[in-house]
Amino acid sequence: MSNSQFLALQGFYQLLFLYLEPMSTMLPALMAWIFPGASWFHHQLIPSSAPVPTVPLDPRTHMMVWQLGNCYLLLGLVSSLVFRAARDSLKHDPVAQERIVGSLLAALAIADVRSAVLHFTRPFVNRNFAVDAPHQV
């Protein structure tokens with residue numbers, strides 16, 4: 001498909017949102033499922049100075065990590081397939097392309113902004129996490 005058929009995303013943005021962004025969103029799913037694996041992925045959610053545990057995760061935690069991988073895969077697939085559907089189905093309707101692309105980009109931006117705000121402010125969590133300290137009851 002040429003750039004003229006996908007007027008809503010052209011040049012660098014087409015490369016970014018049709019290829020790079022979906023691949024980078026789906027990559028954590030493969031990392032959780034295959035390599036380096038669920039234990040490593042779980043350890044990286046809240047990193048600590050402790051080494052990655054060598055004991056297997058309990059079944060519930062393992063399933064949670066795999067489901068998180070499913071969420072990453074789903075986000076990448078939705079992003080990739082919606083952009084391609086807009087390009088292929090609406091090649092002669094740039095206004096409709098822009099509405100669909102704009103809606104998807106707005107949803108992705110809201111999720112990114114929310115994630116960044118929570119990451120940098122952590123409003124309800126102790127910033128130090130006390131991951132390395134013993135659990136106090």
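Since we're looking at a predicted model, the values are computed, not measured. Residue indices begin at 1 and follow the sequence shown. Note: hydrogens, waters and symmetry copies are ignored here, and every other heavy atom, side chains too, is used.
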Are any non-hydrogen side-chain atoms of Ser79 and Thr25 less than 4.5 angstrom apart?
no

Same apolar cluster (I L V M F W Y, side chains within < 4.5 Å links), Leu74/Phe83:
yes

Are Phe41 and Met64 connected in a single hydrophobic cluster, I mean Ile/Leu/Val/Met/Phe/Trp/Tyr linked by side-chain heavy atoms less than 4.5 Å apart?
yes

For Leu20, give me all partners under side chain to side chain contact (heavy atoms under 4.5 Å, CB included), at least two apart in sequence or on another chain.
Leu15, Leu16, Met23

Checking the side chain of Ser24 only, and the main-chain atoms of Glu21 only, is there a donor and an acceptor separated by less than 3.5 Å?
yes

Let me know which of Leu9, Val82, Leu90 forms a side chain to side chain contact (heavy atoms under 4.5 Å, CB included) with Val101.
Leu9

Got a sec, which pairs hit side-chain hydrogen bond (donor to acceptor under 3.5 Å, both in side chains) with one end in residues 103-114, sequence neighbours left out?
none

Test side chain to side chain contact (heavy atoms under 4.5 Å, CB included) on Phe6 and Lys91 and set out the steps.
CA-CA 6 Å; Phe6 196 25; Lys91 41 183 122 174; over 6 Å; no

Sorted by chain and number, sequence neighbours left out, side chain to side chain donor-acceptor pair (under 3.5 Å) with Asn70 holds for Gln67

Could I get the full list of side chain to side chain contact (heavy atoms under 4.5 Å, CB included) partners for Pro56, not counting sequence neighbours?
none

Run the side chain to side chain contact (heavy atoms under 4.5 Å, CB included) test against Leu30 and tell me which residues pass, sequence neighbours left out.
Trp33, Ile34

Arg84: partners by side chain to side chain donor-acceptor pair (under 3.5 Å), with sequence neighbours left out
Ser80

Could I get the full list of side chain to side chain contact (heavy atoms under 4.5 Å, CB included) partners for Leu57, not counting sequence neighbours?
Ala38, Ser39, His42, Thr61, His62, Val65

Determine whether Tyr72 and Met26 fall in the same hydrophobic cluster, where Ile, Leu, Val, Met, Phe, Trp and Tyr are linked whenever their side-chain heavy atoms lie under 4.5 Å apart.
no

Would you please name every residue forming a side chain to side chain donor-acceptor pair (under 3.5 Å) with Gln97, sequence neighbours left out?
none

For Leu75, what are the other residues in its hydrophobic cluster, where any two members join if their side-chain heavy atoms are less than 4.5 angstrom apart?
none

